[in-house]
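Input: a single structure, listed below in structure tokens.
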Amino acid sequence: MAQLLIVYHSRTGGSRQMAEAAADAARDDAETILKTADLAGADDLLKADGYVFCAPENLAAISGVMKDFFDRSYYPVLGRIEGRPYALMVCAGSDGENAARQMARIATGWRLKEVQSPLIICTHAQSPESILAEKTIPENQLSSCREIGAAMAAGLSLGIF
């Protein structure tokens with residue numbers, strides 16, 4: 001069975017909910033590994049056939065913990081995972097485009113194959129209180145995360161990617 005690795009970081013719950021929704025939808029068609037960015041590493045990337053990377057936008061960039069995952073893993077897998085499919089999800093307070101762009105640049109360096117456009121869910125958190133508050137992603141937006149997980153798993157399972 002194909003293996004899908006979903007790596008995420010979440011401080012206030014938004015990205016976690018997004019990653020869990022994608023993982024729940026993927027489990028029917030692929031072995032699905034859901035790991036936090038602080039625990040994921042090169043070995044996980046090497047074992048997987050495809051990836052979903054999910055991070056919050058922090059100060060118009062990916063979170064430091066997610067960046068650390070990429071930093072720790074980048075060179076150990078360079079040249080060893082080329083061509084594998086990936087998708088991106090971002091939980092943003094205002095925009096999310098730069099966080100998605102950063103992760104896409106890393107995936108390009110690994111020569112991964114983008115199979116879906118990045119999904120950015122905007123919480124519109126703008127005050128310090130709302131930025132730091134626990135997030136609840138609405139069901140209609142979580143359905144988009146489920147679609148990404150299901151599509152990634154189906155594509156891996158059917159050998160489309």
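Every value quoted in this text rests on a predicted model; they were computed, and no experiment measured them.
- Between the CD atom of Gln102 and the CZ atom of Arg105 there is a distance of 9.0 Å, given to the nearest 0.5 Å.
- Considering all non-hydrogen atoms of both residues, Ala19 and Cys54 come closest at N-SG, 4.2 Å.
- The two atoms that bring Ala30 and Ala153 nearest to each other are CB-CB, 3.8 Å, heavy atoms only.
- Between the side chain of Asp44 and the backbone N or O of Gly41 there is at least one donor-acceptor pair closer than 3.5 Å.
- Legend: residues meeting salt bridge (charged side-chain N to carboxylate O under 4.0 Å, His left out) with Glu139, ordered by chain and number and at least two apart, are Arg146.
- Here the straight-line distance linking atom SG of Cys122 with atom CD of Gln141 works out to 8.5 Å at 0.5 Å rounding.
- With Thr36 contributing its side chain and His9 its backbone, the two residues share no donor-acceptor pair below 3.5 Å.
- Grouping Ile, Leu, Val, Met, Phe, Trp and Tyr residues whose side-chain heavy atoms lie under 4.5 Å apart, directly or via other members, places Ile106 in a hydrophobic cluster with Leu5, Val7, Ile33, Leu45, Leu46, Tyr51, Phe53, Ile62, Met66, Phe69, Phe70, Tyr74, Tyr75, Val77, Leu78, Ile81, Tyr86, Leu88, Val90, Met103, Trp110, Leu112, Ile120.
- In this structure, Ile6 belongs to a hydrophobic cluster whose other members, linked by side-chain heavy atoms under 4.5 Å apart, are Leu4, Tyr8, Met18, Leu34, Val52, Met89, Val115, Leu119, Ile121, Ile137, Leu142, Ile148, Met152, Leu156, Leu158, Ile160, Phe161.
- Across all non-hydrogen atoms, the minimal contact from Cys91 to Gly14 is SG-CA, 3.8 Å.
- You'll find the side chain of Glu57 reaches within 4.5 Å of the side chain of Ser94, heavy atoms only.
- Distance check, rounded to the nearest 0.5 Å: CZ of Arg101 to CD of Glu97 gives 6.5 Å.
- Using a 4.0 Å cut-off between charged nitrogen and carboxylate oxygen, Arg72 and Asp68 count as a salt-bridge pair.
- Few gaps surround CZ on Arg27; more than 12 heavy atoms of other groups in view lie less than 6.0 Å from it.
- Asn98 and Ala60 make their closest contact through ND2-O, 2.6 Å (heavy atoms, listed as atom of the first residue, atom of the second, distance).
- Residue Arg80 comes nearest to Pro76 through the heavy atom pair NH1-O, 3.1 Å, listed as atom of the first residue, atom of the second, then distance.
- Taking each heavy atom of Ala21 and Cys145 in turn, the nearest pair found is CB-CB, 3.9 Å.
- In this structure, Lys135 contributes its side chain and Ser130 its backbone to a donor-acceptor pair below 3.5 Å.
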